[in-house]
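One structure is given below, encoded as structure tokens.
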Amino acid sequence: MANTKFIFVTGGVTSSLGKGILAASLAKLIQAGGYSVTIQKLDPYLNIDPGTLNPYEHGECYVTDDGAETDLDLGHYERFLGVPTSQANNVTTGRIYQAVINKERKGDYLGKTVQIVPHITDEIKRSIMLLGKKGDYDVVVTEIGGVVGDMESLPYIEAVRQLKWELGRDALCIHLTLVPYLSAAGELKTKPTQHSVKTLLENGVQPDILVLRTEHPLNDSIKHKVALFCNVERNAVFQSMDEPSIYGVPLMLHKQNLDEVVLTKLRLPIKKDPDLSKWTQQLETLYNLKKKVKIAVVGKYVELPDAYKSISEAIVHAGLANECKPEVEWIHSEHIDQTNVEEILKDKQGILVAPGFGHRGIEGKIIAIKYAREHNIPFLGICLGMQCAVVEFARNVMGLSKANSTEFSNTPDPVIDIMEQQKTITNMGHTMRLGSYPCNITDTDSNAYRAYGTQLINERHRHRYEFNNDYLEAMAEKGMTATGRNPESDLVEIVEIKNHKWFVGVQFHPEYKSRFIEPHPLFIAFIKAALE
């Protein structure tokens with residue numbers, strides 16, 4: 001391609017309309033049409049990245065292969081496109097300002113007064129354009145976080161205005177907005193959309209395409225009215241209604257020819273009808289699952305589903321591979337104790353203990369793991385879930401009653417300890433062990449090897465603490481063995497209990513690499529064991 005094309009996705013009226021799903025769905029359609037595509041998210045908060053944000057505020061922190069702590073929307077991007085993202089795919093206002101201030105301190109601006117325009121907006125534009133050059137993509141889809149009209153989003157909207165002017169027909173803007181239904185009046189109301197577009201126009205950006213989020217079908221009269229009042233062509237107004245699954249959104253948009261309109265406006269030839277056969281087949285399977293399996297996910301942030309978004313999706317994907325529908329019960333670990341664990345978990349066919357940080361809810365996780373171990377229920381522990389499994393085993397099988405992680409106490413038996421390279425670190429942001437690392441599955445007679453079918457794997461990490469190798473032999477003698485290790489650092493990556501039906505704890509995060517079309521092998525094996 002001579003020129004990379006840029007698509008900007010903005011949102012109006014309210015947050016949580018689904019800009020990330022819209023961006024991922026459109027990118028999937030363009031990719032299926034024969035073009036190379038990537039997506040990036042511009043987040044208007046001052047944090048450098050989401051790594052230090054509370055999951056209750058921001059949901060899951062998604063980690064890329066190159067160790068970037070990013071917005072959860074990048075998980076959607078990877079699950080839809082099947083293409084790895086990187087640090088360049090998520091930019092925050094904090095990173096933009098940090099880059100500009102660093103340049104100012106070095107004297108790069110040669111004494112000029114540093115301002116929002118042009119210096120901040122130039123840095124935003126550079127971050128957008130860099131991604132296109134870096135990957136040699138045909139199309140870059142850029143999702144602008146927040147809502148048009150928010151004060152913190154103004155520099156991004158100004159950058160979009162400038163880029164649309166500079167790039168001409170190599171760029172377009174898609175605006176996602178709400179058409180609410182007022183039950184008292186029995187009417188769909190377009191006024192919020194009109195005001196949202198008016199706000200966008202006041203900032204100098206004319207949307208080329210409108211996607212209207214609605215709970216009720218929009219008739220041609222409403223679409224015509226919106227097109228007329230918002231200066232948008234009639235064939236560039238689309239509706240986005242709730243689908244039974246987010247994976248149905250690309251097909252819903254394709255039926256309305258959104259991808260064809262986008263390619264035409266960008267002057268890109270329609271190479272072929274998008275090949276969505278595998279996607280459609282997988283979706284049909286999802287909609288027609290009859291067999292069910294009951295899975296408990298024990299975590300600390302279960303009140304907010306987005307806090308474990310990748311785990312939730314990985315379980316769905318693995319259910320598809322096993323032709324079953326996982327019925328997931330999200331259980332708060334603080335609500336589990338010795339008196340109620342039997343009642344809570346007795347009918348569960350599989351138990352997954354989720355990752356997290358801090359001491360809150362740890363004892364509930366340990367009690368749940370003990371129940372899974374003693375009742376021979378398939379178990380998967382991820383990151384902190386794996387560490388809690390080690391603590392539980394040390395306490396209740398090895399007899400080390402005060403065994404713990406040094407993250408939680410000054411224990412005499414630190415079966416989980418802080419990593420050596422972490423001991424001198426004081427800053428919290430982007431200082432953990434992050435990104436993709438190799439793991440050698442040392443035991444070919446293990447659940448891990450049977451799941452992966454190979455000895456050398458690569459998985460993503462996000463942690464400060466690790467299995468204490470001083471306890472390795474003693475644990476193995478009692479039945480918990482390390483079946484996977486990092487070939488360079490000898491860090492224990494996988495632990496298993498051999499005389500258990502299926503008991504696996506992993507230090508890494510397999511959920512980050514699960515895809516709708518390619519479910520993760522470890523989750524497939526876990527759900528399969530639960531079914532059996």
Side-chain angles (χ1 to χ4, degrees), residues 5 7-12 17-35 37 39 73 76-77 79-82 138-139 141 143 172-181 188 190 193 207-228 230 232-289 313 316-317 320 515-517:
K5 309 291 184 176
I7 300 170
F8 303 104
V9 179
T10 58
L17 286 183
K19 290 195 303 296
I21 300 299
L22 170 61
S25 299
L26 175 59
K28 179 65 186 177
L29 294 175
I30 295 172
Q31 181 194 59
Y35 291 97
V37 190
I39 323 177
D73 275 327
H76 291 313
Y77 304 163
R79 286 188 284 272
F80 275 64
L81 290 181
D138 298 325
V139 179
V141 181
E143 176 194 347
L172 63 79
C173 174
I174 299 177
H175 191 55
L176 176 66
T177 179
L178 179 69
V179 176
Y181 179 79
L188 287 156
T190 64
T193 290
D208 301 280
I209 293 171
L210 291 177
V211 179
L212 309 179
R213 193 81 165 83
T214 175
E215 294 180 348
H216 297 267
L218 304 177
N219 57 39
D220 286 339
S221 174
I222 289 176
K223 292 178 183 178
H224 178 76
K225 179 180 178 181
V226 168
L228 180 65
C230 297
V232 175
E233 295 171 356
R234 169 60 191 83
N235 73 340
V237 178
F238 301 87
Q239 71 174 21
S240 176
M241 295 183 63
D242 286 346
E243 289 285 311
S245 165
I246 58 173
Y247 302 110
V249 176
L251 301 183
M252 177 261 291
L253 295 174
H254 179 57
K255 287 178 183 177
Q256 300 178 65
N257 298 317
L258 173 63
D259 46 326
E260 183 178 326
V261 171
V262 167
L263 292 175
T264 301
K265 286 183 176 292
L266 289 173
R267 295 179 298 174
L268 288 172
I270 299 171
K271 296 181 178 181
K272 60 177 182 177
D273 194 46
D275 182 7
L276 297 166
S277 54
K278 287 185 179 179
W279 195 272
T280 303
Q281 182 181 355
Q282 196 80 324
L283 198 62
E284 288 175 356
T285 302
L286 178 65
Y287 290 160
N288 292 287
L289 294 171
E313 295 304 312
V316 171
H317 304 162
L320 282 168
R515 309 284 178 260
F516 184 56
I517 298 295

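Computed from a predicted model, the values in this text were never measured in an experiment.
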Nearest 0.5 Å, please: how far is [atom2] in [Y] from [atom1] in [X]?
X    : Y    : atom1 : atom2 : value
K5   : L266 : NZ    : CG    : 6.5 Å
K225 : T190 : NZ    : OG1   : 3.5 Å
I209 : H175 : CD1   : NE2   : 13.0 Å
E260 : D273 : CD    : CG    : 9.0 Å

Say whether, by atom type as modelled, one donor and one acceptor occur between the side chain of [X] and the main chain of [Y] under 3.5 angstrom.
X    : Y    : answer
E313 : R79  : no
K19  : G11  : no
D275 : A32  : no
T177 : L212 : no
E143 : A23  : no

Return the minimal non-hydrogen interatomic distance between [X] and [Y], and the atom names on each side.
X    : Y    : result
Y287 : G248 : OH-CA, 4.0 Å
L218 : Q239 : N-OE1, 2.8 Å
V249 : S25  : CG1-OG, 3.3 Å
H254 : D259 : ND1-OD2, 3.1 Å
A27  : I39  : CB-CD1, 3.5 Å

Heavy atoms, side chains only, cut-off 4.5 Å: are [X] and [Y] in contact?
X    : Y    : result
F516 : L283 : yes
I30  : L268 : no
P207 : T10  : no
H76  : D73  : yes
L188 : T214 : yes
L286 : Q282 : no
V262 : I174 : yes

Worked check of side-chain contact (heavy atoms from CB on, under 4.5 Å) between L29 and L276: CA-CA 8 Å; L29 294 175; L276 297 166; 3.7 Å; yes
Results of ring-ring contact (aromatic ring centres under 6.0 Å, His included) for F80 - residues two or more places apart only: Y247, W279
Verdict with supporting geometry, L26 and L253, side-chain contact (heavy atoms from CB on, under 4.5 Å): CA-CA 8 Å; L26 175 59; L253 295 174; 5.5 Å; no
K255 atom NZ: more than 12 heavy-atom contacts under 6.0 Å: no
Neighbour count above 12 (heavy atom, 6.0 Å) for H224 NE2: no
Ion pair check, D220 and R234, cut-off under 4.0 Å: yes
Evaluation steps, side-chain contact (heavy atoms from CB on, under 4.5 Å), between L22 and S240: CA-CA 9 Å; L22 170 61; S240 176; over 6 Å; no
side-chain contact (heavy atoms from CB on, under 4.5 Å) assessment of L17 paired with V211: CA-CA 10 Å; L17 286 183; V211 179; over 6 Å; no
Partners meeting side chain to side chain contact (heavy atoms under 4.5 Å, CB included) with Q281 (sequence neighbours left out): none
Residues forming a salt bridge (Lys or Arg N to Asp or Glu O under 4.0 Å) with R213, sequence neighbours excluded: D242
